[in-house]
Amino acid sequence: MAGYYARLANPQMRVTLLTKDSSGPQLAYRIAMGVRATDQNWKRLLNRLIAENRDEINRLLIGFGVPLLDESDRPITTDAPAK
């Protein structure tokens, strides 16, 4: 939410990721969704669609100011798509 509202602020604000800070609770986490245990076909379809559309999903999230990190805690930008 902070990233979204920072983009709307006047003057515009910037969200800074604190990836090296270990003094408090972890603030970086994955976005997840769940399906019923009996819906394994639905789960596989969702996982495939997410993988196939990862770059577009990242662009959409970044466009709304959501800060994203790759598996090595490096920021994902629209310039360098995540792998």
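These values consider heavy atoms only, across backbone and side chains, with no hydrogens, waters or symmetry-generated copies.
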For the atom pair CZ (Arg59) and CG (Leu68), what is the distance rounded to the nearest 0.5 Å? 12.0 Å

Residue pair Glu52 / Leu49, side-chain heavy-atom distance below 4.5 Å: yes

Does one hydrophobic cluster hold both Met33 and Val66, with members joined at side-chain heavy-atom distances below 4.5 Å? yes

As a quick check of understanding, evaluate side chain to side chain donor-acceptor pair (under 3.5 Å) for Asn41 and Arg44, giving each step before the final call. CA-CA 5 Å; Asn41 287 336; Arg44 283 189 284 281; 2.6 Å; yes

Heavy atoms only: give me the nearest Ile62-Arg7 pair and the separation to one decimal. O-NH1, 3.6 Å

Spell out, yes or no, whether Leu8 and Val15 are grouped together once hydrophobic residues are joined by side-chain heavy atoms under 4.5 Å, including indirect joins. no

Same cluster or not: Leu61 versus Met13, using hydrophobic residues (I, L, V, M, F, W, Y) connected whenever any side-chain heavy atoms lie under 4.5 Å apart? no

Would you compute the distance between atom CG of Asp70 and atom CG of Asp73 and round it to the nearest 0.5 angstrom? 7.5 Å

Would you indicate whether the side-chain heavy atoms of Arg54 and Ile76 approach each other to under 4.5 Å? no

